[in-house]
Number of protein chains: 2
Amino acid sequence: MLGNVTEPLDPEMFAGCHESPPLIRIGDKWTAKIIRCLESGPRRFSELQVPLRGINPKVLTSTLRAMERDGLVSRTAYPEVPPRVEYALTPLGRSLREPMAACCAWSAAHLPDVMESREAAYQPARRASA
Amino acid sequence: MLGNVTEPLDPEMFAGCHESPPLIRIGDKWTAKIIRCLESGPRRFSELQVPLRGINPKVLTSTLRAMERDGLVSRTAYPEVPPRVEYALTPLGRSLREPMAACCAWSAAHLPDVMESREAAYQPARRASA
DNA sequence: CCGAATCCTCCTGGATACTG
DNA sequence: CAGTATCCAGGAGGATTCGG
């Protein structure tokens, strides 16, 4: 015996994961979308605002800054007037497309199941009440 | 021309993604960990609390309920006393291990790079100031 | 044009205490 | 044991305005 079932869970199985970095910053609202926007090449600040539905500048800035700190994007400011700034994916940022693709594939394959299950949960026992 | 670079971004590229379901509920704090806890077989409520560092019951309950609504876990209550409830992964929930594995693989491969970049960002131009 | 500064709202997650 | 009921703090995200 001692298969992989029903042994006690290791209390330390997430030992290093509780306080340490929370799975990077991909889980937030905008990072993944920005990455997709940059896949086709460098983009300007205002260019990014368009598909992001006019995301307000503070949020876009803070998201981009965080991505820059993590080495996912590079920021290039051209000393012109009016100013021009371009954001581009770094190799590290580009490497994120793989796990992102895996997540997208899962969504494409199983999102209908989730939606179905979710809707079914909102029908509280049709048979018993009616 | 018309390569895949520097064409204007499609303003509707996230058309269906803004209001609709936000990439399921995997991005939250506990769902992924719960899935990992359930990989080895069904677990009881209190069993889950252990590796989750004594997560408070309200949060665990709400997370599990959400996962149940989405069809990721099943909940089985045994009519005994004292009560016993077991949570188990559904096939749908188990299918999430694939994208999760892709994300874990990325972390394992690139987290050092991220940390390095992050630390470098906290050293504000050593050369210029000293 | 690219942000910085300010203020605000909501929601996640948490602490604690109590019940069937 | 397996939750529910309150109350609460913090932070992400947003609206708006102003500056270089």
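Every chain is numbered from 1, with letters handed out A, B, ... down the list of sequences.
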*At their closest point, which heavy atom of Val73(B) faces which heavy atom of Thr90(B), and how far apart are they?*
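The pair with the smallest heavy-atom distance is C-CG2, 3.7 Å.
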*Locate the shortest heavy-atom distance separating Cys37(A) from Leu9(B); write the atom from each residue and the value.*
O-CD2, 3.6 Å
Taking 4.0 Å as the cut-off, does a side-chain nitrogen or oxygen of [X] come that near to OP1 or OP2 on [N]?
| X | N | result |
| --- | --- | --- |
| Arg84(B) | dA2(D) | no |
| Lys29(A) | dG14(D) | yes |
| Arg75(A) | dG3(C) | yes |
| Thr61(B) | dG3(D) | no |
| Arg44(B) | dA2(D) | yes |
| Tyr87(A) | dG3(C) | yes |

Rounding to a whole Å, what distance do you find between [X]:[atom1] and [N]:[atom2]?
| X | N | atom1 | atom2 | result |
| --- | --- | --- | --- | --- |
| Arg53(A) | dG14(D) | CZ | C1' | 15 Å |
| Glu86(A) | dC1(C) | CD | C1' | 13 Å |
| Leu48(A) | dC2(C) | CG | P | 9 Å |
| Ile55(B) | dG3(D) | CD1 | C1' | 13 Å |
| Arg43(B) | dC1(D) | CZ | C1' | 17 Å |
| Lys33(A) | dG13(D) | NZ | C1' | 13 Å |
| Glu80(B) | dA2(D) | CD | P | 10 Å |
| Asp28(A) | dA12(D) | CG | P | 9 Å |

_Short side-chain to backbone donor-acceptor contact, Glu47(B) and Arg44(B), under 3.5 Å_ = yes
*Does Thr63(A) reach the main-chain N or O of Thr31(A) with its side chain, forming a donor-acceptor pair under 3.5 Å?*
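The answer is no, because no donor-acceptor pair under 3.5 Å joins these two groups.
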_Aromatic Tyr87(A) / basic Arg43(A) pairing, under 6.0 angstrom, 45° off normal_ = no
*What nucleotide, of dG3(C), dT16(C), dG14(D), holds the atom closest to the side chain of Asn56(B)?*
dT16(C)
_Nearest-nucleotide comparison on DNA chain D, the residue closer to the 5′ end among Glu47(B) and Lys58(B)_ = Glu47(B)
*Of Pro83(A) and Pro57(A), whose nearest nucleotide on DNA chain C comes first from the 5' end?*
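Looking at DNA chain C, the more 5' nearest nucleotide goes with Pro83(A).
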